[in-house]
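Everything numeric in this text was worked out from a predicted model, so none of it was measured. Within every chain, numbering begins at 1; the chains are lettered A, B, ... in the order of the sequence lines, protein sequences first and strands thereafter.
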Number of protein chains: 2
Amino acid sequence: MSSGRAVQSPGGGELLFLTDEQLRQGIEAMYFAYRGFTADPDRILAEIDLGRAHHRAIHFINRAPGTTVNNLLSILGVTKQSLNRVLRALVEQGLVESRVGATDRRERHLYLTEAGQELEARLSEAQRARMRSAYRDAGPDAVAGFRRVLEAMMSADTHRVYSTLKDRA
Amino acid sequence: MSSGRAVQSPGGGELLFLTDEQLRQGIEAMYFAYRGFTADPDRILAEIDLGRAHHRAIHFINRAPGTTVNNLLSILGVTKQSLNRVLRALVEQGLVESRVGATDRRERHLYLTEAGQELEARLSEAQRARMRSAYRDAGPDAVAGFRRVLEAMMSADTHRVYSTLKDRA
DNA sequence: AAAGTAAGTCAGCCTCGTTGACATTCCAAG
DNA sequence: CTTGGAATGTCAACGAGGCTGACTTACTTT
């Protein structure tokens, strides 16, 4: 598995030489890996007639309980109309509670119910198990590199959202 | 960016200790990075009323010209009915040509037309540019680690498809 | 030739994106 | 105050691209 070769650039700085073939393998790896990444939660969600969109909402509500719809929107990068359908389903199934804001009553603050927390735990345990196994197979140095490449691959605004979330962990 | 710590397991082997927090950061990084990964091609595709599914088909037809529908199916992991709709659009737009098999006339062999090749080049150049930039930011060691983790994250059967493609590059 | 299998197509459903129209609430200017 | 605009969230309807089921066509096996 070649990962490119450091060569001297004309300006003197070190440059990474990458063939189109190496890049394409990276692209395909990303595509196939993402399928594995979502496979386990998808199976669990299908049992209870929910989809990946519900998982994402549950994940980030769990991450920041009491978040508003608008805030969740900017994390997920979808339209509010799209998120709304997902949230409605989650509320109807008793997995999420939506409370009118105390100071600003236009806002809705979102929380996982008991049942929502249980589902979240199930989903994220499945996903973490795969991630843990991949990390162990690949080793600690690989993991650091993995993270570095992923962060470099994000779009600038997405990277900002990611960092904000990470920093307040 | 911590990537876990090597500790001695009871049996004496080395084990990677990973907190749930570390794993969750990896999960979020994967999610946000995948959005960046698809963003550039998506923009180009939207201009001509095509979607990600068309990109995938174009990518793998370009990779293995003359491939059959069935073969493409097993690479993409979708149903033939779903792929069929996508292929029909591509043929109608003159991007893909579907030729009846010479030896077995049930089969359809798929090829990119001139226009299809041009679009493929545009899409994959955009995607490679981002990948190249991410690789350069992260450095060669990071790239090797990135690839190792991704491969370990694939499901077994997907990994097989990926390897087969890679080996005959 | 008849039965079975494989490849592809047509029809119709569901999820989850999208845009448009709207109700509610807040706030700042008059 | 009040009133006009901005912010927040909801309802409706459309489209892409997954899915299953039923089918046709073409090849293979007996």
S.K.: Looking at Asp40(B) and Arg43(B), is any side-chain nitrogen of the basic one under 4.0 Å from a carboxylate oxygen of the acidic one?
M.R.: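 Asp40(B) and Arg43(B): salt-bridged.
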
S.K.: Once you round it to whole Å, what is the distance between P of dT10(D) and CG of Asn70(A)?
M.R.: 11 Å

S.K.: Taking only residues two or more places apart in sequence, or in another chain, which ones meet Arg122(B) in a salt bridge (Lys or Arg N to Asp or Glu O under 4.0 Å)?
M.R.: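 Partners of Arg122(B) under the salt bridge (Lys or Arg N to Asp or Glu O under 4.0 Å) test: Glu47(B).
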
S.K.: Nearest whole Å is fine: how far is dG8(C) P from Leu76(B) CG?
M.R.: 13 Å

S.K.: Between dC11(D) atom P and Arg108(A) atom CZ, what is the distance in whole Å?
M.R.: 10 Å

S.K.: Could you state the interatomic distance from CD (Glu21(B)) to NZ (Lys166(A)), rounded to the nearest 0.5 Å?
M.R.: 10.0 Å

S.K.: Quick check: on DNA chain C, is the nucleotide nearest Gly101(A) upstream (toward 5') of the one nearest Asn84(B), or the reverse? Name the residue that is more 5'.
M.R.: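 Whichever sits nearer the 5' end wins; that is Asn84(B).
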
S.K.: Which whole-number value in Å describes the distance from His55(B) NE2 to dA16(D) P?
M.R.: 19 Å

S.K.: Which distance, rounded to the nearest 0.5 Å, do you find between the CD of Glu120(A) and the CG of Leu95(A)?
M.R.: 11.5 Å

S.K.: Starting at atom CD of Glu92(A), determine the distance to atom P of dT10(D), rounded to an integer number of angstrom.
M.R.: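 For the pair Glu92(A) CD and dT10(D) P, the rounded distance is 12 Å.
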
S.K.: Distance-only check: which donor-acceptor pairs under 3.5 Å involve side-chain atoms of residues 72-91 of chain A, not counting sequence neighbours?
M.R.:
{"from": "Ser74(A)", "atom 1": "OG", "to": "Asn71(A)", "atom 2": "O", "distance (Å)": "2.8"}
{"from": "Thr79(A)", "atom 1": "OG1", "to": "Ser82(A)", "atom 2": "N", "distance (Å)": "3.3"}

S.K.: Nearest-Å distance, CG (Asn71(B)) to C1' (dG8(C))?
M.R.: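 Going from CG in Asn71(B) over to C1' in dG8(C) covers 15 Å.
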
S.K.: Is it the case that one hydrophobic cluster holds both Val69(A) and Val100(A), taking links as side-chain heavy atoms less than 4.5 Å apart, direct or via other members?
M.R.: no

S.K.: In the 5'-to-3' direction, what one-character label does each nucleotide of nucleotides 15-25 of chain C receive under the scheme B = base within less than 4.0 Å of a protein heavy atom, S = sugar-phosphate only, - = no such atom?
M.R.: -BBBBB----B

